[in-house]
Amino acid sequence: MREDYRLRYVSTRGGAAPLGFCDATLAGLAPDGGLFVPEQYPTPVDVAALSGKSFEDQALTVMSAFAGGEISDQDLAADVDAAMATFSHAARTPLVQIGPNEFLLELFHGPTLAFKDVAMQTLARLMDRILKARGRRATIITATSGDTGAAAADAFRGRDNIDLFILFPEGRVSEVQRRQMTTIADDNVHALSVAGDFDDCQRIVKALFVDRDFNDQVAMSGVNSINWARVAAQITYYFYAGLSLGGRPVAFTVPTGNFGDILAGYVAKQMGLAVDQLVIATNKNDILDRGVRTGSFVPGTVTPSTSPSMDIQVSSNFERLMFDLSGRDPASIQSRLADTRAGFSLTEDEHAKLTALFASGRCDDVLAGERIAKTYADTGILVDTHTAVGLAAADMAPRREGVPMVTLATAHPAKFPDAVEAASGIRPTPPARLAHVLDAPERATPVAADTRAVADVVLARSRAVTA
Ligand SMILES: *Cc1c(COP(=O)(O)O)cnc(C)c1O
């Protein structure tokens, strides 16, 4: 074990040795089932010095603070620059005004038209760099309900030291999402269409993760939103938006599923950004909205909605917030979260701390549709269904006089064209970069919803096995 990490990452469950940034990035999940968090947040960041800087320059400051000296600023800058060069807008994540003191932060100008591109494009380059420096290869196996797999396929295609296997539920992702995964021609990307649902895909990936022999054989790594480097890469756009508004206190509303995106806003505040309030927006899968109101988080069954990337009942990244709310007490996290399906409760003190910073709002499919139509009527801007859930939650949130509200626009409307057209009567125009995806030949490997069957495909194809 190395002892010389300048910034150590500890597990929220206290049962894993602390790691440095590079090791935590490759590991994804901590071996004790917990999530890695920095031992302390890098603070204070010189917020004033970031003002007026480009997205890339701000991102370098943020990523450098988390890398703890393990990757040089020159190398980090190269990866951040290359990642953001895949975005089709010069501002990368432009802030757009939609009303008096109301803004949209457009995070969907990346290759797969959802906010996950910001972090995934950065993560792919960092992982490849870390592996290359160590002369190693890795295999990434990920389950997706759509957007994560698409973002990963684009970000990891052609990477020398990484093979990517994406498990998606056959017939249950949108056509655009499926095509974004199956039209990648690079040999290191493998789309597996699983004869089952998303839960089957996730169950198989988890089973492979805990199979130590298999894990060692293929050098398995994870890129879902529990990977700290992804959270870190998402922090920048909070700074970027807050500083674009002059650095005064700003409220953010975030369409939320796994709690990764909004957690980045929380960390930005810990690093010194003036964040007045964070509003958790949920669709009818509303465990977080109920939890914020009552302090008790009881998962129901997942109900499909028009905002599928938020159809989640167990939000993995909430564990990181809860770790802080508990006063960083790993034993209390371990005892309450070991069985996430059972639900958990916050203490009164934790609940008070939660509601001091977070508010929440719930928006069903009907209200989301109405909000798409209203936004179009008010501004001429078409928003996607996830963003609409955010806007509706922002409407409900208690507001402080004069504080700007920034709602995160997490997907391009053309990614969910049917729901957007049904709500507004307008078919969103696909951006030029989608054209290739819409007519390139598809390639997917059908596989049974069975752990062994998936393991066999991975063993036969991963370059890490023979390396
Ligand atoms: C993934 C996703 C979300 C939810 O983000 P979390 O980090 O999981 O909370 C919201 N909107 C879109 C479009 C997404 O792809």
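Owing to the predicted nature of the structure, the values given are computational and were not obtained by experimental measurement. Read the numbers this way: they start at 1 and go in the same order the structure lists the ligands and their atoms. For this chain, numbers begin at 1 and follow the sequence in order.
Side-chain atoms of D163 and N188 form no donor-acceptor pair, as typed in the model, at a separation below 3.5 Å. With no hydrogens or angles considered, a side-chain donor-acceptor pair links T112 and D117 at under 3.5 Å. For the residue pair D154 / Q121, a side-chain donor-acceptor distance below 3.5 Å is found, with atom types taken as modelled.
Interface atoms of ligand 1 facing G260, defined by a heavy-atom separation under 4.0 Å, are 6 (P), 7 (O), 9 (O).
Given atom 7 (O) of ligand 1, the protein heavy atom at minimum distance is D261 N, 2.9 Å. What sits closest to atom 11 (N) of ligand 1 on the protein, heavy atoms only, is T410 OG1, 2.9 Å. At the top of the distance list for atom 4 (C) of ligand 1, counting protein heavy atoms only, stands G257 N, 3.5 Å. Looking only at protein heavy atoms, the nearest one to atom 6 (P) of ligand 1 is N258 N, 3.5 Å.
Note on ligand 1: P255 sits in its first shell, one or more heavy atoms being nearer than 4.0 Å. For the pair F115 and ligand 1, a heavy-atom separation below 4.0 Å is found.
In D147, the part holding a heavy atom less than 4.0 Å from any atom of ligand 1 is the side chain. Proximity of K116 to ligand 1, defined as any heavy-atom pair under 4.0 Å, is confined to the side chain (atoms from C-beta onward).
Counting heavy atoms from C-beta outward, M271 and F239 have side chains that approach closer than 4.5 Å. Using a 4.5 Å cut-off on side-chain heavy atoms (C-beta onward), T306 and F416 make no contact.
For R203 and D199, the salt-bridge test fails: no basic side-chain N is under 4.0 Å from an acidic carboxylate O.
Here the two rings, on F252 and Y238, have centers that are under 6.0 Å apart.
On a distance-only criterion, F259 and ligand 1 share at least one N/O pair closer than 3.5 Å.
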